[in-house]
Structure formats: C-alpha cells, structure tokens
Amino acid sequence: MFSFFKKKKPVEAPAPTALPTPAPHLPEAPANNAGGLIGSALVTPIDIPVPGAEPPVREHWVSKLKSGLNKTGASISGVFTGNRIDEVLYEDLESALLMADAGTGATTYLLDEVRRRVKDSGVTHPVAVKNILTEALTQLLKPLERALVIGEFKPTVIMVAGVNGAGKTTSIGKLTRHLANEGASVLLAAADTFRAAAREQLEVWADRNRVEIVSQEGGDPAAVSFDAVSAGKARGKDVVLVDTAGRLPTQLHLMEELRKIKRTIAKAGAGDTAAPPHEVLLVIDGNTGQNAQNQVKAFDEVLQLTGLIVTKLDGTAKGGVLAAIALWSRERQKTAPALRPVPVYFIGVGEKLEDLETFNAREFSQALLA
Amino acid sequence: MFQSLSDRLSGVLDKLTRRGALTESDVSEAMREVRRALLEADVALDVVKDFTEKVKAKAIGQDVVKSVTPGQMVVKIVHDELTAMLGSDAAPIDLIAAPPVAILMVGLQGSGKTTTTAKIAWRLANRDKKKVLMASLDTRRPAAQEQLRVLGEQTNTPTLPIVAGQTPQQIAKRAMEAGRLGGYDVVLLDTAGRVTIDEELMDEVAEVKAGTNPHEVLLVADSLTGQDAVATAKAFDGRLGITGIVLTRADGDGRGGAALSMRAVTGKPIKLLGVGEKWDALEDFHPSRVASRILGMGDVVSLVEKAAQNIDIEKATAIAQKMKKGEFDLDDLAEQLKQMQRIGGMSGMMSMLPGMGKIKSQIADARLDDGILKRQHAIITSMTAKERRAPKILDGKRKRRIAAGSGTRVEEVNKLIKMHRQMADMMKSMGKNKGLMSRMMGGGGAAPSQDEMARMQDELAKMDPKALQQLPADLKDALPRSLQGLGSQGALPKLPGLGSGLPGLGGPRFPGLPGRKK
C-alpha cells in the first residue's frame with residue numbers, strides 16, 4: 001500500500017487553541033445543516049459517509065499505459081531485439097522518444113546521455129541500452145516526483161487551472177474521491193462560471209463523492225472562490241478545491257482573471273499562517289505535444305504553479321512531453337536556482353473515479369519505454 | 001497557428017536561397033533542419049520522414065530552371081510538397097443531401113466537440129440560414145447534455161429535449177425523427193468523448209452512424225495534440241470513416257503540427273478551425289494559403305483578398321504613380337472615396353484589420369458617418385472635368401454652383417477642397433517616411449477619440465508583426481509603392497503592407513471622417 005498524500009500536522013503543532021479558528025464565532029455550524037448561505041453562495045451540505053478504505057491497485061495504470069502503447073504498435077521493445085549496438089539502434093531510439101512527444105531537445109539530451117553511459121560502461125547488448133535509457137529518463141524525471149502535502153494548513157486550499165478540455169473538473173472529481181477516502185473533508189468551489197453546465201458537472205462529481213460544493217449562478221469566479229475559502233474556513237474543512245474555467249495561455253485577459261482569482265483567494269485567507277492557495281495545480285492533457293511546455297511556462301508565470309496533473313494517459317498518448325518539461329525545469333534551475341521544478345503530483349489513467357495515480361518517475365519511464 | 005513552424009522553416013530556407021550553388025550535402029543539411037523544425041512543431045515522425053525524403057529526392061534530381069537559384073528551387077519544392085500534404089482546395093461542410101442532413105461529431109475527450117457543435121450550428125443558422133437541431137448523445141460525462149442545452153439557448157439553436165436513461169442510439173434515432181417532423185435542414189449529433197482504444201464506445205458510435213447515416217462525420221481534434229494525433233486520426237477514420245477534420249484551439253499555439261499530420265495520414269480535409277471563445281470564432285481552412293503561410297509569407301492574404309476584390313489594383317497603382325509625382329487631383333480623390341465605400345466604409349475597413357475585433361463595437365459607437373463619403377463624392381461629381389483637374393480655378397461662383405448641384409452647402413465644398421489640398425501636400429511629403437498613423441491621429445478630436453485610438457494602437461502593437469511584414473512579394477509590387485514603408489515608426493511598425501492595400505488611407509486623416517467636432 002502506498003500513500004497517496006503526504007499528511008502533515010499543522011505547522012504549529014501544539015496550537016489547536018492558539019490557531020485563529022473562525023469556528024467560535026459561529027454557533028457550531030453542523031455539517032448536515034439543511035443548506036445555508038455563506039457570503040452570497042449557496043452551500044449545499046451532503047452527508048459524508050465514513051470512507052470505506054479500499055486499497056488502490058497500483059499495477060492498474062502501468063498495465064493500462066502499456067496496453068495503450070501496444071495497441072498502436074508504437075511499443076519500442078522491438079528495437080532491442082537485435083544483437084548489436086549500432087546507429088540503427090540509436091535512430092530507432094530517437095524515433096521512439098520523438099513519437100512519445102519528448103521533443104527534439106529532450107531526445108537529443110537523452111540520446112547523448114545514453115551514448116556516454118554506453119561508452120563508459122562498455123556494454124555490448126542492446127537490452128542493456130534499454131536499461132540505460134530507462135535509467136537516464138528516470139533521473140531526468142526524478143525531480144518531478146513529489147507528493148501532495150495536505151493537512152499542514154486547515155483548510156488546504158488547492159486551485160486548479162488549465163487549458164480547455166484538459167480534464168480539470170474530472171481530475172478534481174477524482175482527487176476529491178481520494179481525499180475523501182483518506183478521511184479528509186472537502187469543499188468544492190465551482191469557479192468555472194464561463195462554460196455552460198460546468199457547475200452542473202462539478203455538482204455531479206460532488207454528489208458522487210458526497211461532499212459539499214459552493215457555486216453561484218453566473219457569478220464572478222473570484223467571488224465564488226472567495227466564498228468557498230471563507231466557507232471552508234468557517235466549516236473547518238480540511239481541503240478546499242477551486243475549479244477554474246479552461247483557458248489558453250494566449251488569451252491574456254483570461255490569464256489576468258486567473259491572477260485575480262488567486263489574489264482573491266489569498267484575501268479570503270488573510271490572517272492564516274500561510275496565505276492560500278497553498279497549492280496551484282495545472283492540469284495538462286497527456287495528448288498535448290510540445291505546447292505543454294508553453295502551458296507550464298505561461299501558467300507558472302501568472303500563478304507560480306506548485307504542481308501538475310497529467311491526464312488521459314489511458315489512451316495511446318504517452319506523455320513524453322514530461323521529459324521536455326523536466327529538461328526545461330532543470331535548465332531553468334541552473335540559471336535561477338530559486339525556481340524549483342514544478343512536480344507532477346498525479347496522472348489520470350481512466351474515466352473512473354479511482355483512475356488517478358501518484359507519479360513515479362521510474363514506473364513512468366518503464367511504461368513509456370515498454 | 002503555424003507561426004513558430006513558419007519562423008523555423010523560413011530561417012532554414014533563407015540560408016539556402018542565398019547560396020549560388022547547392023551540393024547534395026547542403027540539401028541534406030537543410031533537410032535535417034527542416035526535419036527538426038517539423039518535429040518541434042508536433043508533426044508526426046512518420047509524416048516528417050516521408051516529407052523530407054520526398055523533398056530530398058526531388059531536390060537532388062532536379063534540373064535547375066534558368067534564372068532561379070538552386071536554393072529558390074528547393075524552396076519551391078518544399079512549398080509544393082507542403083501544399084500537396086495539405087491538399088489544395090478548401091473543403092466546406094457539405095450539406096448537399098436530403099434534409100435533415102445528419103452531421104456526426106466525434107473525437108477524444110476534451111477536444112472541444114460540444115463547443116464546436118454549437119459554433120457550427122450558429123454558423124449554419126446565421127450565415128447559411130439553415131434550420132438546425134442539436135442533440136447530445138453524451139450519456140457518459142456528467143452534465144454533458146445539459147451543457148449542449150445551455151449552449152443551444154445561448155446560440156438560439158433548438159436542442160433535442162433531454163430524456164434521462166436513453167442510450168446514444170435511441171437519442172440519435174429520436175433526433176433524426178424530430179429533425180424530419182420539425183422540418184430541420186441539419187441535425188448535429190454531438191457524441192461522447194472517448195479514448196481511441198475504447199472499443200465499446202467505438203462500437204456504440206459506429207452503431208449511431210449506421211442508424212443515422214450522417215452526411216458528414218467530423219473528427220474534432222485539438223490543435224495542441226502531439227505525436228498521438230496520427231493514432232487518433234487513424235483510429236477514428238478506420239472505425240467510422242470520417243469525412244473531415246475540425247481543429248480546435250487553433251488560436252492557442254503557433255505549431256499546428258497536428259493539422260499536417262492528420263491530413264497526411266487520413267487524406268481527409270481539414271474543414272474548419274476553431275479560433276476563439278465566441279460563437280463566430282470558426283474559420284474555413286484554406287490549405288493553399290496555409291502552405292504559403294508556413295513558409296513565411298504571412299497570411300494577410302485573407303485580409304488583402306477582400307480589399308483586392310473591391311479595389312481595382314490598376315487604378316490604385318495609377319493613383320500611386322500620380323501621388324509620387326505630387327499630382328493628385330479631385331478625380332483621384334473621387335476614386336478613393338468610391339473605393340472606401342466599396343469596402344464598407346471606415347467601419348468595414350477597420351473590422352478587416354486583425355486585432356480590431358475587440359474595438360469593433362467602439363467603432364460602431366463612434367458612428368463613423370459613411371454618408372459623408374457619399375456627399376463628398378457628390379460634390380466632386382458636380383464639378384466640371386476642368387475643375388477636377390485644377391481645383392485652383394474654383395471661385396465663389398463655381399463653388400455655389402457645385403453646392404447647388406450636389407445638394408450641399410458651400411462650406412462643405414470648401415471643406416472638401418481643403419481636405420484635398422492637405423492630402424495632396426501629404427502625398428508629396430510621403431517619401432520622407434513620416435509616420436502616417438501619427439498624422440492621421442494628429443487630427444485631434446476626430447472620432448474615434450484619442451483614447452480609443454491609443455487603445456487601438458496597443459491592440460495593433462500586440463499582434464504579431466511578422467504576419468504583416470511577410471506580405472507576398474508579388475502583392476507588394478502590385479500595390480502603390482509610394483505608400484510602402486509608411487508608418488514604419490511608432491506604434492504601427494508593420495502596417496505598410498496593409499496601408500498600401502488601401503489607398504484611401506492617404507489623407508491627413510481618413511478622408512471620410514468628419515473633421516474636428518465643432
């Protein structure tokens with residue numbers, strides 16, 4: 001059994017009384033109050049059952065990822081069937097990496113790395129090259145591996161952004177399930193007030209997960225977020241998840257709107273030990289090509305991302321663009337050591353609520369090169 | 001879209017064209033660069049390999065035509081191959097079938113099917129005056145049917161009432177029946193998103209297809225897709241026999257490799273591009289233009305095309321010649337006024353400029369009075385031929401006659417003469433490369449207000465200069481030379497290509513604009 005989240009006690013460990021909890025002001029708002037208004041938003045409480053702890057099946061996604069690859073015939077295991085390490089082999093490796101969306105930069109880097117290591121170690125068999133490549137890719141991706149920390153702040157406010165159709169709302173639904181399974185109380189904020197029926201979609205997820213949701217008819221996304229964070233504080237929630245509308249990084253006015261939402265969330269949490277949002281996640285469609293890198297850069301610039309979720313890896317897409325992103329973060333860290341890489345918290349591998357997995361560099365590399 | 005690819009390719013090819021002679025290794029080297037550029041633009045590896053091999057084979061065996069450098073020849077070959085890859089003619093949505101014509105929308109999750117469905121409905125209803133019904137067969141994603149219903153309300157398109165618990169096949173059948181009974185021209189069927197390897201869902205949509213016999217099966221795909229675009233296109237085409245591709249989010253990236261890949265592996269045309277959040281943000285895909293654009297010739301073509309339809313290039317050139325010599329008489333002014341009118345007056349012209357969409361309403365609010373164009377034209381036509389050639393002879397008596405003849409007042413005649421004189425002076429000084437726009441703005445209180453103009457300048461300054469700069473050479477030649485190179489300072493660095501297409505811009509302010517408000 002692996003741990004899905006890293007749980008931390010609140011920073012000031014002996015201070016449950018010292019913490020400025022807003023609860024005393026309220027007449028002990030019970031969680032199953034029959035609906036009430038907080039701010040201008042309607043809060044619909046739903047009973048949260050004690051989570052049935054079902055152990056997640058870890059092997060699940062690796063096999064899914066692999067089966068997707070095999071069906072396209074894009075699997076590169078065939079590359080290593082020869083018995084010589086020659087240029088043809090390297091060319092095939094290059095093709096495999098490029099076809100996984102690794103991009104020319106990361107591909108060149110990885111191949112140079114492999115050539116160097118092959119020379120140093122003096123291996124002669126192609127299968128050894130595969131291991132070396134897996135190793136090189138794992139090392140490249142390793143800095144992106146980190147667990148999402150919850151429990152350090154109460155509530156931990158997580159803001160989720162991304163381009164249209166990346167899978168933000170679905171990822172939030174899945175994340176909520178996992179959080180609920182771990183016993184955390186979750187409040188959802190439907191701050192996607194732009195797309196038709198986005199609110200309804202999130203409400204369905206809320207229903208399925210039996211958690212509460214803050215939404216507003218045609219409201220301002222920043223206002224909804226503010227209300228949600230306030231409500232989360234008032235109701236003593238563990239986690240507040242803010243779903244925002246999809247937008248392209250080229251739509252500058254919409255990027256400004258994101259900045260505003262973040263600012264407003266911080267205002268709602270003014271006076272806390274650390275101003276929310278504590279996590280700002282970018283959801284990336286696993287089918288995305290080299291533009292994924294642009295997305296990370298653009299959203300990071302506006303929001304200072306703390307993590308990524310890569311979705312739709314259950315299809316035939318391989319998500320190799322993570323290699324490009326990893327290489328980019330590494331280069332960036334060289335010039336600006338203060339900027340840490342943006343880690344990949346989760347990957348989405350299917351349509352079911354459970355189909356969200358933590359990111360493991362080695363497993364990912366193995367699946368990609370399987 | 002395609003901008004970054006275009007930058008890379010033109011850089012590579014630029015190096016080639018400067019060479020006098022090319023060796024095989026020069027070509028190979030260039031092709032390696034081309035390969036890299038295409039891969040960085042997310043073009044599928046197989047497609048890239050195929051492309052570079054074809055170009056190389058042709059380039060090396062090619063007889064070089066006289067008066068063309070070998071490098072130029074290679075550029076020509078690359079252009080031809082690109083065009084071949086993209087197909088040559090635009091392929092609009094085909095509705096030629098017995099109504100109700102079913103259009104089936106398929107694609108991966110989150111590719112933009114539902115939004116595209118609403119955009120197509122909006123376009124067919126508003127532009128083609130069709131009666132359109134939309135139906136969502138997405139029973140999987142939460143609130144998907146609700147989403148289409150809301151979009152239907154927003155676009156004023158009827159949607160099939162939602163009946164809970166029906167299968168996609170049943171909904172499709174119901175939609176077609178409703179289409180027949182309601183006398184609809186088109187029924188748009190929006191299906192659930194799926195991963196390409198989901199056999200169950202593929203079977204389901206294949207059944208829907210068999211049941212509704214759609215005239216178009218459109219694959220909706222994300223322009224930002226990487227290498228997997230090929231797998232997606234093949235899978236859907238193989239199972240469902242798509243008739244065309246709609247690329248969404250074409251405004252989100254400068255790569256556009258997915259477009260090249262999908263067209264290449266399926267041979268199916270790209271029919272439409274989604275380019276924004278608004279309902280009308282849907283564009284026809286013009287392959288031949290795109291090929292030129294990828295090679296760095298810019299796509300002002302769309303803009304200039306419209307202007308070119310209406311402006312007689314020869315006349316414009318003749319005027320330009322006269323301007324150069326400082327001869328600019330009232331006949332020429334009349335001609336310009338007429339052309340301004342033909343392209344829809346000031347607001348029409350403004351709306352054609354890229355980046356102006358946002359301030360369209362402000363332009364409308366400013367109430368640019370195109371009636372003034374007509375009156376000014378009437379004044380000129382009330383003059384004798386002699387007067388038009390030599391406005392100097394106009395005295396009080398003549399002016400009164402002209403005012404009476406054109407139904408205007410002497411003041412207006414005076415105003416026109418003054419405007420003409422200013423324009424003529426302007427023409428003379430133009431060669432000195434003074435900022436055209438700053439002069440135009442110099443008019444002060446002329447509508448739109450300075451603030452609006454400043455904002456407009458910001459808009460223009462933000463747009464990609466390259467697109468404007470790279471006007472096809474032949475087009476540049478056809479346009480008045482005297483106007484090229486104008487406005488090369490200030491906030492509008494790259495406007496010359498545009499300005500030159502629109503001779504009406506030549507004045508101290510727009511000739512048709514009402515002057516300072518009194």
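All values below come from the heavy atoms of this structure, side chains included, with hydrogens, waters and symmetry mates left out. In what follows, chains are A, B, ... by sequence order, proteins preceding strands, each numbered from 1.
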Do other residues, nucleotides or ligands put more than 12 heavy atoms under 6.0 Å from the NZ atom of B/Lys234?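 Atom NZ in B/Lys234 is not crowded, with 12 or fewer foreign heavy atoms closer than 6.0 Å.
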Counting only heavy atoms not in B/Glu153, do more than 12 fall under 6.0 Å of its CD?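 Above 12, so yes.
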For [X], is it the side chain, the backbone, both, or neither that has a heavy atom closer than 4.5 Å to a heavy atom of chain A?
{"X": "B/Leu108", "answer": "side chain"}
{"X": "B/Lys49", "answer": "side chain"}
{"X": "B/Arg141", "answer": "side chain"}

Tell me, out of [options], who's got the most heavy-atom pairs with chain A below 4.5 Å.
{"options": "B/Arg194, B/Gln154, B/Arg140", "result": "B/Arg140"}
{"options": "B/Ser111, B/Ala44, B/Gly110", "result": "B/Gly110"}
{"options": "B/Gly276, B/Pro142, B/Ala229", "result": "B/Pro142"}

At a heavy-atom separation under 4.5 Å, does [X] approach chain B through its side chain, its backbone, both, or neither?
{"X": "A/Gln293", "value": "neither"}
{"X": "A/Arg208", "value": "side chain"}
{"X": "A/Glu203", "value": "neither"}

Does some side-chain heavy atom of [Y] sit less than 4.5 Å from a side-chain heavy atom of [X]?
{"X": "A/Asp101", "Y": "B/Asp42", "value": "yes"}
{"X": "B/Gln227", "Y": "A/Asn287", "value": "no"}
{"X": "A/Gln290", "Y": "B/Leu39", "value": "no"}
{"X": "B/Asp251", "Y": "A/Leu248", "value": "yes"}
{"X": "A/Glu94", "Y": "B/Leu45", "value": "no"}

Please lay out, stage by stage, how B/Arg35 and A/Leu98 fare under the test side-chain contact (heavy atoms from CB on, under 4.5 Å). CA-CA 12 Å; B/Arg35 175 175 184 269; A/Leu98 287 172; 4.1 Å; yes
Interatomic spacing from [atom1] in [X] to [atom2] in [Y] - rounded to 0.5 Å:
{"X": "A/Asn164", "Y": "B/Asp222", "atom1": "CG", "atom2": "CG", "value": "8.5 Å"}
{"X": "B/Gln147", "Y": "A/Gln201", "atom1": "CD", "atom2": "CD", "value": "7.5 Å"}
{"X": "B/Glu277", "Y": "A/Leu254", "atom1": "CD", "atom2": "CG", "value": "5.5 Å"}
{"X": "B/Gln145", "Y": "A/Glu200", "atom1": "CD", "atom2": "CD", "value": "13.0 Å"}
{"X": "B/Leu224", "Y": "A/Asn294", "atom1": "CG", "atom2": "CG", "value": "9.0 Å"}

Mind ranking A/Gly320, A/Ala196, A/Ala198 by heavy-atom pairs under 4.5 Å with chain B and telling me who comes out on top?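 Looking at each of A/Gly320, A/Ala196, A/Ala198 in turn, A/Ala196 comes out on top.
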Most heavy-atom pairs under 4.5 angstrom with chain B, which of A/Ala100, A/Gly289, A/Ala166?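 Ranked by heavy-atom pairs under 4.5 Å with chain B, first place is A/Gly289.
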Side-chain donor/acceptor of B/Glu40 to backbone N/O of A/Thr104, under 3.5 Å: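 Indeed, once roles are kept as given, a pair shorter than 3.5 Å links the two residues.
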